[in-house]
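Remarks on the structure that follows.
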Amino acid sequence: MTASRWPLTKLPVIQGPMAGGYTTAELVAAVSNGGGLGSIGAGYMSPESLRTLIQKVKDLTTKPFAVNLFIPTSPAVDLPQVERMKKHLLPYYRQLGFESVPELAYDPGLFQKQFAVVLDEKVAAFSFTFGTLKPAEMSALKSQNVFVMGTATSVEEAEYLRKHGCDAVVAQGLEAGGHRGSFLNGKFPLVPALELVREISLKVKVPVIAAGGIVTADDLRKMLEAGACAVQIGTAFLVCHESGAAQEYRELLLKGKPEDTELIKGFTGRWARGLANRFSREMKVYDSDVPDYPIQHWLTTPLRKKAQESGRTEFQSLWSGQGLGSLRPCSVADYLATLTQ
Ligand SMILES: Cc1cc2nc3c(=O)[nH]c(=O)nc-3n(C[C@H](O)[C@H](O)[C@H](O)COP(=O)(O)O)c2cc1C
C-alpha cells in the first residue's frame, strides 16, 4: 500500500481518537480543515453528549471526520476481587476527600446507544478498538458508505478485521499511547509500529494505518515507506492548543521522555501506555488481581475525575505514547505544517 491509496483526506494523517474529553470539536475540526482526518474519541461519552459534539464539529467543518467507539467486552465479574480492589483504592479516595469508594455506576447498553447516534448523524468515517463489530453493525455502516477502521496489534488481528469488513486497519505499535487494542486469543502482542506495519502490509490485503510514537515528518515518511497508507497520531495532538488536555498534563508531556512512559493496568484493568506516576507505581503490586476492564475503569473513574478537577496528576491516567522529546505546543495548523515539510 502507498500513501496514494489513502482515500479520505488530502494528508495521510489521522488525529487519533482519544476518549476522555481531549478531542474537542475545535481539535477535530481543525485537523479536518487542515487536510487530515479529525476523530472524536467517544468511548466514554453519553449518547446525548456525542450527538452534541458531532453537531458542533459539523458546524466547524464540512470535511470528513471520524467517530471512534470501544467494542463492548464481557468482563469476568469476580465480586470478592472487586471488594479487595475497593480496599486498595480507599486510601487514594480518602486523600481526595471521599469517605468511601463510590458504587459502580455504568450503563451496559451504552455502546448500542452510542452506535445508534453514529448511524443517525451519518459520519464519513468510523473507527473502533478492543474487538470488532457485529456483522449487522458493519453492514449498517457500509450501507451509509462509512469508511470503517479497526485496531490491530498483530497480523492475525489485522486479518481478522479484514475478514470482518474493515476498509483499513490501524496497526498499533508498542509505542502507542492509551489502551492496547489486543483482542484475539488472549494474546498481548507488543510489536514496534514500523515492524507491525511492514508485516501487515506484506501479509494482509488491507490498507494499513501506522500508529505509535509518530510525531515528526521523518516518522511519517518512514511509516509510509514501510507500507502504511496513512498514520494515526495521538500524543502530539494532545499538546496542540485546540485539545482538551489540562495544562498540568500538557506540561508533563512536554517535559517527558520516552522512558517516562510505561504499560499500566491499575487504572482500568486493561494495559495502557501512559506516564508513570504515584498511582501507576503503587498499584503495580496488584497487577495480577485487578478486575477486568471495564470494571476497574469504573472503580477508578470518580477518583480520576476528582484528581483532574483538583489538578492532582499523581492520581490521573496520563496516557502518552513514546514519541516524547520532540513535542511542541502549537496550533493544529502549525503542527500539520511541520508534518508536510
Ligand atoms: C489520551 C489518549 C486516549 C486515547 N483514546 C483512544 C480511544 O478512545 N480509542 C482509540 O481507538 N484509541 C485511543 N488512543 C490511541 C490513539 O488514537 C492513537 O492511536 C495513539 O495515541 C497513537 O500513538 P501516539 O500517542 O504515540 O501518537 C488514545 C491515546 C491517547 C494518548
Side-chain angles (χ1 to χ4, degrees), residues 13-24 27-28 31 36-45 50 53 66-71 110-111 114 125-133 148-153 157 161 166 168-183 192-194 196-197 208-216 219-220 223 228 230-240 243-246 249-250 252-253 256 258 260-261 263-264 267-268 270-275 293-294 297 304 308 316-327 335 339:
V13 175
I14 301 169
Q15 164 254 310
M18 294 181 279
Y22 309 114
T23 58
T24 60
L27 178 72
V28 175
V31 175
L37 185 74
S39 315
I40 296 177
Y44 304 131
M45 293 183 80
L50 174 56
L53 186 56
V67 175
N68 172 275
L69 292 178
F70 297 147
I71 300 297
L110 180 63
F111 175 83
Q114 294 167 323
F126 178 78
S127 65
F128 59 83
T129 184
F130 306 162
T132 194
L133 294 166
V148 182
M149 299 166 277
T151 308
T153 61
E157 289 176 352
L161 293 172
C166 282
V169 299
V170 176
Q172 187 188 34
L174 68 84
E175 305 90 340
H179 285 106
R180 305 294 308 155
S182 310
F183 65 94
L194 201 60
L196 189 59
V197 166
V208 183
I209 297 157
I214 300 161
V215 176
T216 64
D219 299 334
L220 166 64
M223 293 298 171
V231 297
Q232 177 161 294
I233 298 174
T235 306
F237 280 111
L238 283 176
V239 296
C240 283
S243 104
Y249 181 14
R250 289 167 190 263
L252 291 174
L253 291 170
D260 297 336
T261 73
L263 289 171
I264 303 165
F267 278 115
T268 67
R270 188 178 251 281
W271 291 104
R273 184 172 294 286
L275 292 169
Y293 177 91
H297 165 76
R304 289 181 285 153
Q308 220 170 8
Q316 294 175 32
S317 41
L318 305 164
W319 303 143
S320 168
Q322 286 188 319
L324 299 178
S326 45
L327 301 182
Y335 177 54
L339 287 176

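Numbering of ligands and ligand atoms starts at 1, following listing order.
- Against a heavy-atom cut-off of under 4.0 Å, Tyr249 is close to the following atoms of ligand 1: 1 (C).
- Residue contacts with ligand 1 include Gly213, since one of its heavy atoms falls under 4.0 Å from the ligand.
- Tyr44 places none of its side-chain heavy atoms less than 4.5 Å from the side chain of Leu110.
- Residue-to-ligand polar distances place Gln232 within reach of ligand 1: an N/O pair is separated by less than 3.5 Å.
- Residue Gly20 places every heavy atom at 4.0 Å or more from ligand 1.
- Backbone and side-chain nitrogen or oxygen atoms of Ala19 are examined, and one is located within less than 3.5 angstrom of a nitrogen or oxygen of ligand 1.
- If you number the atoms of ligand 1 from 1 as listed, the ones under 4.0 Å from a heavy atom of Gly321 come out as 25 (O), 26 (O).
- Remark: Thr261 engages Arg273 in a side-chain hydrogen bond (donor to acceptor under 3.5 Å, both in side chains) (not counting sequence neighbours).
- Considering each of Gly150, Pro17, Gly178, the one bringing a non-hydrogen atom nearest atom 13 (C) of ligand 1 is Pro17.
- Near Gly212, with a cut-off below 4.0 Å to any heavy atom, the atoms of ligand 1 are 22 (C), 23 (O), 26 (O).
- From the protein, the heavy atom lying nearest to atom 4 (C) of ligand 1 is Met18 CA, 3.4 Å.
- Between Asn68 and ligand 1, at least one N/O pair is under 3.5 Å apart.
- The backbone and the side chain of Thr235 each have at least one atom closer than 4.0 Å to an atom of ligand 1 (non-hydrogen atoms only).
- Two residues are said to be in side-chain contact when any heavy atoms from C-beta on lie closer than 4.5 Å; Tyr293 and Trp271 fail this criterion.
- At a 4.0 Å cut-off, not a single heavy atom of Gly323 sits close enough to ligand 1 to count as contact.
- Judged purely by atom type and a 3.5 angstrom limit, Gln15 has no side-chain atom pairing as donor or acceptor with the backbone of Phe237.
- Here the side chain of Glu157 pairs no donor or acceptor atom with the backbone of Ser182 at under 3.5 angstrom.
- Put simply, the side chain of His179 does not reach to within 4.5 Å of the side chain of Thr129, judged on heavy atoms.
- Counting heavy atoms from C-beta on, the side chains of Leu324 and Leu253 come closer than 4.5 Å.
- Atoms of ligand 1 found under 4.0 Å from any heavy atom of Tyr22 (numbered from 1 in listed order, with element): 1 (C).
- For Phe70, the closest heavy-atom approach to ligand 1 falls below 4.0 Å.
- For ligand 1, one of its N or O atoms has an N or O atom of Gly234 under 3.5 Å away.
- With respect to Ile233, the side chain to side chain contact (heavy atoms under 4.5 Å, CB included) criterion is satisfied by exactly one of Asp219, Ile14, Val31, Ile214: Ile214.
- Using a 4.5 Å cut-off on side-chain heavy atoms (C-beta onward), Leu194 and Glu175 make no contact.
- Counting only non-hydrogen atoms, the option in Gly177, Gly16, Ser39 that gets closest to atom 20 (C) of ligand 1 is Gly177.
- Panel note: side chain Arg180, backbone Leu263; no donor-acceptor pair is recorded below 3.5 Å.
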